[in-house]
Amino acid sequence: MIIDIRQLEFRWQADSTTVLSIASLEVAKGECLFVKGPSGSGKSTLLSLLAGVTTASAGTVRVMDQPLERLGSVQRDHFRADHIGYIFQMFNLIPYLSVIDNVLLPCRFSARRRGQALARAKDLETEARRLLGHLDLDHPELHRRAVTTLSVGQQQRVAAARALMGTPELLIADEPTSSLDTDRRESFIRLLFDECREVGTTLIFVSHDASLEKLFDRTVDLAEINCHATGTVGA
Amino acid sequence: MAIFALAWQSLLNRRFTAMLTVVSIALSVTLLVGVERLRTEARLSFANTLSGTDLIVGARSGPVQLLLYSVFRIGDATNNISWKSYQDIAAHPLVKWTVPVSLGDSHRGFRVLGTTSAYFDHYRYARDRALVITDGRRFADLYDAVLGAEVAERLGYRVNDPIVVAHGASDVRFARHDDKPFRVVGILARTGTPVDRTVHVGLEAIEAIHIDWQSGAPIPGVSVSAEQARKLDLTPNAITAALVGLKSKVATFRVQRFVNDYPEEPLSAILPGAALSQLWELIGIAENALLIVSVFVVVVGLFGMLTALLTSLNERRREMAILRSVGARPGHVFALIMGEAGFLTLLGSVVGLALLYLLLLAGQPVIESRFGIFIGISALSSHEWTLLSAVVTAGFVVGGIPSYRAYRLSLADGLSVRV
Ligand SMILES: Nc1ncnc2c1ncn2[C@@H]1O[C@H](COP(=O)(O)OP(=O)(O)OP(=O)(O)O)[C@@H](O)[C@H]1O
Ligand SMILES: [Mg+2]
């Protein structure tokens, strides 16, 4: 299991109400998981927990057999740098960096990701170009452009290339397609799948667009597994 | 290290505002170090208004008063030195040279100084610089006059022009020595010292123009023409002060004691350097005010940077969430802003210094000729280094404020992108 959540309780503040209460959630390595749920149901919060930015108030969140709440904040930051790729809903790119430099970012913070990228290509830039090529961004002219001049769809694909750089074990995407039109959504997801399958990366994909559900191996509905509303802890 | 490369690229992206910050810091550094440099040089140059002279001898009075009238031509002597006393001092075995100074007359607001040719040999200012006659020559004839640069410039005199000396400090018709006009024979180069505002004539000439005067007024019925005066004995009875050079500086205090204990007349001998710095203490308050103002300019410059950094933070919260998503720690975010503040401060300081040296190079000849202050283009003094490192430290401290704020924000925001 790459992800193993047990008896998770989460509150943003010690005195606020519980946002997440998940008895159990397991994700196998290489799985492509679709997470859905209404707005405010705690999807982004769950992803923050998986990425180790926040920690469980109770229970455990294991990623790659590592209980994240046992790590210090610096160790969790390292853990994220080494093992997790993250795609935001939009505006993923750092405006003052070129396309290539944006893709290379994870390698600046993780020696492990740099090493894994170099294992696949003779240098980091070649690997970045290869990934961009796989995501239908192989035009060299594009790589030189200021990232702010890219279309939203192109920006999301650059973000995907960055998240995949150095083959992280876990790829987390928080509504990455909500700013794309329907056709683009599907092709974007298929490109992600191809890349993830090739290196065996596990994909956690959040969206409230149920039409995408059919493309994934499995769907988790937060409204169902999150018991905080009823106050009961499901089995 | 990666984070500093990012900080650099981020700065390049905002190069226009960054440049403005650098310029404002640079200008404030230029001002601060420049004021400090000018202050030191002005003080040095002031202390060297008269150099090479070991003692100034005059009638008994306080050192500042003696200095004021003998060197700065401000105020009047309470008493004179008799010619005999002057001769005795000149004959002292440890005395190398003496220059007599006789004051009391003026020409259109400029003081007239009676002296000997030795004045041009021994007068030194600004670290051993001698007087230079740019036009003409020293006085040789009885009625020759050598003008200071400012006198010549302000009154538009050239060599060979006639001038009339007046009795006392005010130039009024009835007190003019118009029966014995002088001729300009030389004009001195600008020194930035009171010499520029002085009319120099021979000691005998002072005697000659007063030969038919008594207690400040012409003797009624007595008139000695300029030509008649030439034939008379023009050895003065008294002089106002004397500049004294010694054979060895070690002897200074012995000769000073000799003068102060001179039995026939109450005299004072002062060390010009000591008296000059005593005088500087009095007028040096303004320079401190100047330094304080330039310190405030630096503070304003740094506040400009603080404002720029704090306003940029809100726009950069997304950037910070992205960085955290790729594994940056909140500490990295701190370093990102701190690196920027530090870089801006350092660059500002370097640019400011470069600008200062450029200005010094360009301004040195002008300042020297206009004000007689010679500003050395030397490396930074230890005091200037202290000032500079205080600026840089202040820059880092100021940078700490937005850096800490960014740190707190990135801890609180995590991966959620707030704008
Ligand atoms: N940083 C935070 N501090 C405090 N409360 C927060 C924070 N982030 C989210 N919340 C709260 O946690 C709850 C879950 O929010 P979350 O963002 O996880 O929902 P979501 O399912 O991602 O919604 P959406 O589909 O709109 O993105 C909400 O009630 C939200 O107000
Ligand atoms: Mg969300």
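Chain A is the first sequence line, chain B the second, and so forth, proteins listed ahead of strands; every chain is numbered from 1.
At a 4.5 Å heavy-atom cutoff, A:Leu47 makes no contact with chain B through either its backbone or its side chain. If you measure heavy-atom distances from A:Leu97 to chain B, the contacts under 4.5 Å come from the side chain alone. Residue contact with chain B, scored on non-hydrogen atoms closer than 4.5 Å, involves the side chain of A:Asp101 exclusively. Heavy atoms closer than 4.5 Å to chain B are found nowhere in A:Arg113, neither backbone nor side chain.
Considering only heavy atoms from C-beta on, A:Phe109 comes within 4.5 Å of B:Ile3 through its side chain. At a threshold of 4.5 Å between non-hydrogen side-chain atoms, the residues B:Arg318 and A:Phe88 do not count as touching. In this structure, B:Glu319 and A:Tyr96 have side chains that are in contact, with non-hydrogen atoms separated by less than 4.5 Å.
Between atom OG of residue B:Ser325 and atom CG of residue A:Asn92 there is a gap of 7.5 Å, rounded to the nearest 0.5 Å. Residue B:Leu6 holds its CG atom at 6.0 Å from CD1 of A:Ile94, rounded to the nearest 0.5 Å. One finds the CZ atom of B:Arg324 at 10.0 Å from the OG atom of A:Ser48 (value rounded to the nearest 0.5 Å).
Counting all heavy atoms, side chain and backbone alike, A:Ala81 lies closest to B:Gly327 at CB-CA, 3.6 Å. Summarising the geometry of A:Asp77 relative to B:Pro330, their closest heavy-atom pair is OD2-CD, 3.4 Å, with the distance given to 0.1 Å.
Contact count against chain A (heavy-atom pairs under 4.5 Å) is highest for B:Asn13 among B:Asn13, B:Leu411, B:Leu323.
The neighbour count for A:Arg70 CZ, taken as heavy atoms of other residues, nucleotides or ligands under 6.0 Å away, does not exceed 12. At most 12 heavy atoms of other shown residues, nucleotides or ligands fall within 6.0 angstrom of atom CZ in A:Arg184. Within a 6.0 Å radius of OH in B:Tyr407, other residues, nucleotides and ligands contribute 12 heavy atoms or fewer. Atom CZ of B:Arg405 sits in a sparse spot, with 12 or fewer heavy atoms from other residues, nucleotides or ligands closer than 6.0 Å. B:Arg408 CZ: 12 or fewer foreign heavy atoms inside a 6.0 Å radius.
The only member of A:Arg80, A:His78, A:Arg76 that meets side chain to side chain contact (heavy atoms under 4.5 Å, CB included) when paired with B:Arg329 is A:His78.
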